Amino acid sequence: MRIPVIAGNWKLFKTIGESITLVDELKPLVANNHGVEIIVAPVFTALSRVYDAIEGSNILLAAQDCYWEEEGAFTGEVAPRQLKDAGCSYVIIGHSERRQYFGETDLTVNRKTGAAIAAGLNVIVCVGELLAERELDQTFSVIETQIKGGLSGLTAEDLTHVVIAYEPVWAIGTGKTATDAQAQEVHIFIRQLVARLFNPSVADAVRILYGGSVKPDNVKGLMARPDIDGALVGGASLKAESFAAIAGFNV
Ligand code: PEP
């Protein structure tokens, strides 16, 4: 049984105060959501204050990125152990916006993922094809390259700390969701690939999230598909009501 994950990526939105208000509104709305892991990913500056606000609730904390070194002369970076220290249990790595605007590659995704796991964090590793790649029928080869590169050198044990997020870039923030069938066919492809790269029981256990314009009115259809184990949510995670409605897909 894979426990579903609903994760909210707040991107570059909200001050510390606004972040605390959002989780304070969210907590009572999701307090009775059992059997689902609920995660929020605020900006770095809000992490530890949001952690204080969610302590004792059923909401977990994620960061949106990290560096791979433990410490050193790396101005502007944040190390995995510093995220642990701030209360994070998860970190998102390889989001398409980081790939698109900040030079993230499969190699840096791989280094960050390994370092985060070594520091005791769980990692949400993001993959996804561009619209042009889908139109050229390259979706599966792009995803295969990203997964092989991102997860290279990890062990089966490491994979127990990895959640994969399939986020077609053309569906992020555009209001265009992949159809349930389009998402499912990529998810099963990823699961079969993980079986080949690791083993079938790792593949059975790994949670694969869909991301790309997930909203309260499309989450149920997506979650009904056998290989979709949750959602990584951007825009709709910025309001307590809509994020709670998504996190309550099973009630
Ligand atoms: C995301 O940021 O990962 C995302 C899926 O955004 P949105 O839900 O707004 O498409």
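Both ligands and their constituent atoms are indexed starting at 1 by order of listing. Source: prediction; values computed, not measured.
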Quick one, Asp24 with Thr21, criterion side chain to side chain donor-acceptor pair (under 3.5 Å). Give me CA distance, side-chain angles, the key distance, then yes/no. CA-CA 5 Å; Asp24 280 346; Thr21 302; 6.0 Å; no
Got Ser237 and Val214 here, is their nearest side-chain heavy-atom distance under 4.5 Å? no
Tell me, do Lys11 and Glu97 make a side-chain contact under 4.5 Å, heavy atoms counted? yes
Looking only at protein heavy atoms, identify the closest one to atom 1 (C) of ligand 1 and say how far it is in Å. His95 NE2, 3.3 Å
How far is atom 8 (O) of ligand 1 from its nearest protein heavy atom, and which residue and atom name does that atom have? Gly234 N, 2.8 Å
Please check whether Glu97 reaches ligand 1 - meaning an N/O of the residue sits under 3.5 Å from an N/O of the ligand, judged on distance alone. no
Should [X] and [Y] be regarded as members of a common hydrophobic cluster, given that ILVMFWY residues are connected when their side-chain heavy atoms come within less than 4.5 Å of each other, either directly or indirectly?
X: Phe44; Y: Tyr51; answer: yes
X: Leu22; Y: Leu60; answer: no
X: Leu209; Y: Ile246; answer: no

Going by heavy atoms, is Lys215 under 4.0 Å from ligand 1? no
Per-atom contacts, ligand 1 versus [X] - under 4.0 Å to a heavy atom:
X: Gly235; answer: 7 (P), 8 (O), 9 (O)
X: Ala171; answer: 10 (O)
X: Glu167; answer: 1 (C), 3 (O), 4 (C), 5 (C)
X: Ser213; answer: 7 (P), 8 (O), 10 (O)
X: Gly173; answer: 7 (P), 9 (O), 10 (O)
X: Gly212; answer: 5 (C), 10 (O)

What part of Cys126, side chain, backbone, both or neither, has a heavy atom within less than 4.0 angstrom of ligand 1? neither
Under 4.0 Å, heavy-atom basis, I'd like to know which part of Ile172 is in contact with ligand 1: side chain, backbone, both or neither. both
Does Asp204 come within less than 4.0 Å of Arg191, counting only side-chain N to carboxylate O? no
Rounded to the nearest 0.5 Å, how far does CD1 of Ile164 lie from CZ of Arg207? 11.0 Å
